[in-house]
Amino acid sequence: MPADATQFDRFAAKPVPIAIDNGALETAKWVGLVTMTIDHVNTYLLHGGHAWMYQAGRLAMPLFGIVLAAHLACPGALEKNGPAARMSARLAIFALLAQIPFTLLRGGPWPPTLLNTLVLLLLVAAFVRLRASPQRLHRMAAWTMLAVGGAAVEFWWIGAAAILTVRSWLMEPTGERAFGVAFAFASLCVLTASVVPLAAPLIVYVLARNRATVPRVRLLFYSYYPLHLAALVALGGGPK
């Protein structure tokens with residue numbers, strides 16, 4: 001084979017997907033839970049009085065989103081009764097449980113006009129599953145759901161875009177897809193008035209590089225979210 005053809009094949013080869021170690025993802029979830037709790041204590045108990053606590057909280061959703069994106073990018077994730085289906089079922093249950101204390105903390109209205117972060121994660125997981133369907137009706141439903149649901153969840157379409165672009169890049173790490181990730185995270189920084197979201201990918205990289213690991217507690221992430229919101233309500237948290 002001519003040298004030029006070999007060189008062309010090397011450059012034309014599809015990039016190898018990136019897999020993030022489960023230990024790093026689990027550790028990232030713990031970091032997200034801690035920073036989320038700091039932010040919510042500041043917002044609902046201390047009425048936003050501490051800027052550093054707000055800034056710390058801007059790490060939580062990007063970290064949760066990267067973890068979800070990594071799981072959805074795994075081979076076989078979208079198979080019937082596979083990881084994506086199980087995650088979607090858990091997210092649906094705990095998002096519903098979290099919505100009541102979430103709305104109480106925000107001071108209404110009823111029915112709620114803003115849905116919690118677990119609904120954002122559920123929206124993305126459901127979108128990915130439906131978009132992968134061979135049925136045209138399912139694919140149309142996916143885009144419709146994303147367009148409508150993105151207006152009702154925390155972080156709006158920008159949060160969904162951040163997760164989806166990370167998943168896309170992990171599956172095929174090209175320069176174009178990296179630009180999509182950068183643009184989505186830059187938009188998230190504008191939305192939150194903070195540059196802290198940019199640190200989330202770096203944190204996951206450092207955790208993966210150092211093979212970080214923490215004990216996995218089944219359903220901890222899902223159950224902690226509604227439970228900590230209910231605890232904040234019980235402690236008198238809410239709008240000023």
Side-chain angles (χ1 to χ4, degrees), residues 25-68 87-125 148-160 162-163 187-200 203 214-240:
L25 295 176
E26 197 68 24
T27 307
K29 283 196 292 186
W30 279 93
V31 175
L33 289 175
V34 171
T35 56
M36 176 187 70
T37 303
I38 291 172
D39 178 50
H40 287 173
V41 167
N42 180 54
T43 301
Y44 300 122
L45 292 182
L46 306 178
H47 306 298
H50 299 276
W52 74 267
M53 298 176 79
Y54 171 83
Q55 294 296 334
R58 306 286 66 78
L59 274 175
M61 193 289 289
L63 287 174
F64 296 150
I66 292 172
V67 172
L68 176 64
M87 283 190 294
S88 297
R90 293 166 185 165
L91 285 168
I93 293 170
F94 288 98
L96 182 61
L97 293 174
Q99 191 59 44
I100 294 176
F102 176 79
T103 304
L104 289 173
L105 288 169
R106 296 186 63 87
W110 294 98
T113 56
L114 183 68
L115 304 178
N116 64 78
T117 299
L118 290 189
V119 182
L120 167 65
L121 302 180
L122 173 62
L123 175 67
V124 171
V148 175
V153 294
E154 281 194 293
F155 304 100
W156 303 340
W157 301 277
I158 294 174
I163 303 170
S187 301
L188 191 59
C189 289
V190 173
L191 177 65
T192 60
S194 171
V195 298
V196 173
L198 296 177
I203 289 173
V214 294
R216 184 177 184 274
V217 181
R218 180 176 169 80
L219 300 181
L220 172 69
F221 168 74
Y222 299 99
S223 58
Y224 182 84
Y225 190 79
L227 286 174
H228 95 283
L229 293 178
L232 289 172
V233 171
L235 292 171
K240 293 182 180 179

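Quick note: residue numbers are just sequence positions, from 1.
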Specify the closest pair of heavy atoms between [X] and [Y], including all atoms of both residues, with the distance to one decimal.
X      : Y      : result
Met53  : Ile38  : CE-O, 3.3 Å
Gly150 : Val153 : O-CG2, 3.9 Å
Val41  : Leu232 : CG2-CD2, 4.2 Å
Pro101 : Val233 : O-CG2, 3.7 Å
Leu46  : His50  : CD1-CD2, 3.5 Å
Pro239 : His47  : O-CE1, 4.1 Å

Subject >> side chain to side chain contact (heavy atoms under 4.5 Å, CB included) between Leu97 and Leu227, worked out >> reply: CA-CA 9 Å; Leu97 293 174; Leu227 286 174; over 6 Å; no
Subject >> Exam field: side chain Glu154 to backbone Met61, donor-acceptor pair closer than 3.5 Å >> reply: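 Side chain of Glu154 to backbone of Met61: no pair is present.
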Original post:
With no hydrogens and no angle check, is any side-chain donor or acceptor of Asn116 less than 3.5 Å from a backbone partner on Phe102?
Top reply: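 No, because the side chain of Asn116 does not come within donor-acceptor range (under 3.5 Å) of the backbone of Phe102.
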Original post:
Are Phe94 and Phe221 near enough that their ring centres are under 6.0 Å apart?
Top reply: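 That pair fails the under 6.0 Å test.
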Interatomic distance, [X] atom [atom1] to [Y] atom [atom2] [nearest 0.5 angstrom]:
X      : Y      : atom1 : atom2 : result
Thr117 : Tyr225 : OG1   : OH    : 4.0 Å
Leu114 : Thr103 : CG    : OG1   : 8.0 Å
Leu63  : Leu25  : CG    : CG    : 10.5 Å
Ile158 : Cys189 : CD1   : SG    : 10.5 Å
Met36  : Thr43  : CE    : OG1   : 11.5 Å
Asn42  : Tyr54  : CG    : OH    : 10.5 Å

**OP:** For the residue pair His40 and His228, categorise the inter-ring angle as parallel (less than 30°), tilted (30 to 60°) or perpendicular (more than 60°).
**Re:**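 Plane angle under 30°, so parallel.
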Can you confirm whether [X] sits close enough to [Y] that some side-chain heavy atom of one is under 4.5 Å from a side-chain heavy atom of the other?
X      : Y      : result
Leu188 : Leu198 : no
Val124 : Leu68  : yes
Leu220 : Trp30  : yes
Phe64  : Leu33  : yes

Original post:
For the side-chain hydrogen bond (donor to acceptor under 3.5 Å, both in side chains) test, which of Thr35, Thr192, Asp39 pairs with Arg58?
Top reply: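 Passing option: Asp39.
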Subject >> Donor-acceptor side-chain pairing of Tyr224 and Thr37 below 3.5 angstrom >> reply: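 Tyr224 vs Thr37: donor-acceptor pair found between side chains.
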**OP:** Can you establish whether the number of heavy atoms outside Leu191 located under 6.0 Å from its atom CG is more than 12?
**Re:**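 Counting other residues, nucleotides and ligands, CG of Leu191 exceeds 12 neighbours.
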Subject >> Inter- and intrachain pairs under salt bridge (charged side-chain N to carboxylate O under 4.0 Å, His left out), touching residues 88-113, at least two apart >> reply: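 Passing the test, one end in residues 88-113: no pairs.
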